[in-house]
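Treat the numbers as computed from the prediction; the structure is a model and nothing was measured. We name chains A, B, ... by the order of the sequence lines, and we start the count at 1 in each one.
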There are 2 protein chains.
Amino acid sequence: MDIDELARRSGVSAATVSRALNGRPEVSAATRARIVALAAELGYRPNASARTLASRRSELIGLLWDTDYRSGGRQHPFLQEVLIGLKAALSDRGQGLILLPIVPPDDEAGYVRLARQYTLDGIVMMGVDQHTPQVRALLATPIPCVGLDLALDGPRTASVGSDNRTAAADAVAHLHALGHRRIATITGPLDLWPAAERLAGYRAELARRRLRRRPEYEVAGDFFAASGAAGMRRLLDLPSPPTAVFVAGDAMAVAAMQAATDTGRTVPGDVAVVGFDDIDAAAMVRPGLTTIAQDYRRFGTTAAAVLAELAAAPTTDEPRSVLLPTRLVVRESSGSTAI
Amino acid sequence: MDIDELARRSGVSAATVSRALNGRPEVSAATRARIVALAAELGYRPNASARTLASRRSELIGLLWDTDYRSGGRQHPFLQEVLIGLKAALSDRGQGLILLPIVPPDDEAGYVRLARQYTLDGIVMMGVDQHTPQVRALLATPIPCVGLDLALDGPRTASVGSDNRTAAADAVAHLHALGHRRIATITGPLDLWPAAERLAGYRAELARRRLRRRPEYEVAGDFFAASGAAGMRRLLDLPSPPTAVFVAGDAMAVAAMQAATDTGRTVPGDVAVVGFDDIDAAAMVRPGLTTIAQDYRRFGTTAAAVLAELAAAPTTDEPRSVLLPTRLVVRESSGSTAI
DNA sequence: CTGTTAGCGCCTTCAC
DNA sequence: GTGAAGGCGCTAACAG
């Protein structure tokens with residue numbers, strides 16, 4: 001069942017079938033209706049390769065997702081949800097999603113070649129280092145690229161992420177409202193966009209509420225559990241330890257809670273904890289972890305929409321970014337009563 | 001940079017370039033070496049669409065992964081790891097991975113058409129119901145299909161999964177070795193292959209160790225947390241409650257532990273628990289959950305290898321399946337001492 | 001509005 | 001061992 005067969009059966013030429021099915025305006029309503037109906041009835045689907053070859057557009061989006069970068073073990077707690085959103089939004093637009101292999105660092109043109117090889121219409125990146133030569137080369141290209149939790153820069157790029165700054169401020173506000181005045185934080189790696197924004201939000205909210213900002217209350221973590229435990233121990237050893245800690249990632253937060261418990265403190269009694277991400281475990285540990293939930297599915301749907309906009313828009317130097325709202329999920333770790 | 005350009009620069013015809021790059025035997029070693037070197041130097045990559053159109057092979061594998069099927073919330077704790085393995089193994093073979101959209105149940109030929117549309121060389125399925133018309137139609141086809149944790153049936157299909165039966169037996173053996181004699185289980189939905197196998201392994205090991213099998217010790221769960229908690233409560237309310245429970249999934253196991261704790265029991269003191277899956281939370285909860293770890297990455301690499309075999313092998317009626325080894329991860333929930 | 005004619009970039013017979 | 005020619009299935013100019 002190819003286009004010629006369909007053309008024969010509908011009594012028109014292949015060109016007309018192509019036009020009718022692709023929504024071209026030059027076809028009469030009657031012919032189009034007839035062709036569309038017949039195509040549906042016969043289950044005709046144009047061959048993707050032939051279509052791509054002729055039109056130079058593939059309706060294919062590439063996903064660049066580096067499983068090695070900083071993922072020493074389990075990372076990207078959200079890949080699955082992002083994929084769900086992305087897949088749904090793309091297929092609504094008639095687009096497909098292809099997973100790109102990781103190219104070695106010395107193959108500078110690797111991604112650009114992959115994009116050409118598959119005639120990709122756009123690329124979604126997550127969990128990659130946008131400063132590597134291979135990625136920079138890709139970003140410099142007019143191929144639409146959107147970064148998830150990644151601040152991208154290029155003629156046709158955009159970034160999608162949560163409004164981490166506001167979210168962190170919400171966390172601090174929540175703790176403050178519960179009566180806490182000595183609020184510390186354990187950060188992520190500050191060269192990562194979300195980590196930096198969360199710290200900025202923490203600081204901003206302290207200032208807004210006229211709480212003193214103490215350098216020793218800002219402990220550096222790396223999003224992994226061990227750094228959360230170490231950070232908590234360090235905070236609790238302070239002469240004037242905090243009564244609450246905003247931890248920039250849930251894996252660290254859970255470990256931080258355990259570190260507190262292990263050293264004889266109670267959570268939230270002695271120290272309240274608020275995390276970030278709402279990983280599965282947040283609801284499974286005791287006490288349940290109060291945390292910031294991100295709408296990962298929407299990361300995906302937004303990425304698909306932004307990609308379409310980028311493809312239509314002219315190239316530009318203006319950095320574009322979309323910030324998504326988050327939600328504070330209150331569980332037991334922040335305590336329900338003031339201190 | 002297309003094949004003609006490369007041909008011109010290497011002083012041969014496009015046909016020879018094609019043969020050289022595709023490892024055809026008819027090319028002289030010298031010409032091949034020259035062409036391969038030049039191709040590498042110029043970074044030539046044949047256009048995927050043109051190649052697929054001409055050769056009728058795409059080197060593309062489709063991933064069928066239903067995000068709705070039984071995934072009321074968070075499921076498939078292993079998608080990410082599977083993808084890592086799959087992507088790595090496929091790209092080693094020069095193949096790509098494309099995520100297939102879910103087709104509506106009334107579109108019986110949907111997947112078959114998708115396979116043709118993209119000229120897919122094979123399909124990996126996970127988290128789908130293989131009894132639906134759309135999937136059955138695909139399986140009936142000579143297109144290579146491998147199911148992860150799915151017992152598939154068709155002329156060119158195979159199944160890859162853990163050796164769930166042995167794994168469950170290991171769990172029971174572990175509990176028995178710790179001194180437990182009254183060992184119960186909370187199962188998954190028994191129409192799912194892994195759940196049925198785990199129950200079979202539990203029963204087999206009881207028999208091997210001459211432990212009495214009691215019907216009231218086999219409680220039905222559905223892999224979700226709530227059913228784990230309910231199952232544990234029911235077991236503990238028994239006149240002669242078990243001293244150990246093998247829970248067929250970690251989400252249920254964690255909830256089961258909490259249910260035990262909530263009703264005044266201690267874990268592992270009053271009741272020991274062994275789970276299945278080794279989800280992230282297993283190491284985060286207290287007590288840490290003893291569980292069976294599956295090698296999900298290997299699911300992916302194995303699927304890629306099996307797909308290649310299926311493509312080369314003739315169609316057959318023999319069901320093929322590959323069972324992967326698992327690993328018992330001992331933490332605190334099973335206790336380190338006998339009762 | 002519709003048909004005819006060329007390719008899109010590559011592989012693959014068929015000659016040589 | 002290598003080249004020439006045709007075609008994979010579709011889209012996009014160009015006519016009409």
Seminar exercise, completed: Closest to the 5' end of DNA chain C, once B/Asn47 and A/Pro25 are matched to their nearest nucleotides, is A/Pro25

Seminar exercise, completed: Rounded to whole Å, CD1 of B/Ile35 lies from P of C/dC10 at a distance of 14 Å

Seminar exercise, completed: Separation of C/dC10 atom P from A/Arg116 atom CZ, nearest Å, is 13 Å

Exercise. Does the side chain of B/Gln95 reach to within under 4.5 Å of the side chain of B/Glu59, using non-hydrogen atoms?
Worked result: yes

Exercise. Are the side chain of A/Ser10 and the backbone of A/Ile35 linked by a donor-acceptor contact shorter than 3.5 Å?
Worked result: no

Exercise. Taking side chain as C-beta onward, heavy atoms only, is B/Asp149 less than 4.5 Å from B/Leu192?
Worked result: no

Problem set entry | Rounded interatomic separation in angstrom, taking CD from A/Gln117 and C1' from C/dC8 | 16 Å

Exercise. Atom CZ of B/Arg45 to atom P of C/dC10: distance rounded to whole Å?
Worked result: 12 Å

Exercise. Once the angle between the rings of A/Tyr296 and A/Phe78 is folded into 0 to 90°, is it parallel (under 30°), tilted (30 to 60°) or perpendicular (over 60°)?
Worked result: parallel

Problem set entry | A/Asn47 and B/Thr119, any side-chain heavy atoms less than 4.5 Å apart | yes

Exercise. Looking only at atom types and distance, does a side-chain atom of A/Asp2 sit under 3.5 Å from a main-chain N or O of A/Asp4, one as donor and one as acceptor?
Worked result: yes

Exercise. In B/S/- notation, 5' to 3', how is nucleotides 11-16 of chain C contacted by protein heavy atoms closer than 4.0 Å?
Worked result: SBB---

For this session: Step by step, work out the salt bridge (Lys or Arg N to Asp or Glu O under 4.0 Å) result for B/Arg320 and B/Glu318.
Result: CA-CA 6 Å; B/Arg320 304 152 162 268; B/Glu318 296 298 301; over 6 Å; no

For this session: Could you tell me which non-hydrogen atom of B/Leu64 sits nearest to which non-hydrogen atom of B/Tyr111, and how far apart they are?
Result: CD1-CE2, 3.0 Å

Problem set entry | First and last nucleotide of DNA chain D, 5' to 3', lying under 4.0 Å from heavy atoms of chain A | D/dG9 to D/dA13

For this session: Report the distance from atom CG of A/Leu53 to atom P of C/dC10, rounded to the nearest whole Å.
Result: 9 Å

Exercise. Contact class for A/Thr31 vs. all strands (heavy atom < 4.0 Å): base, sugar-phosphate, or nothing?
Worked result: sugar-phosphate

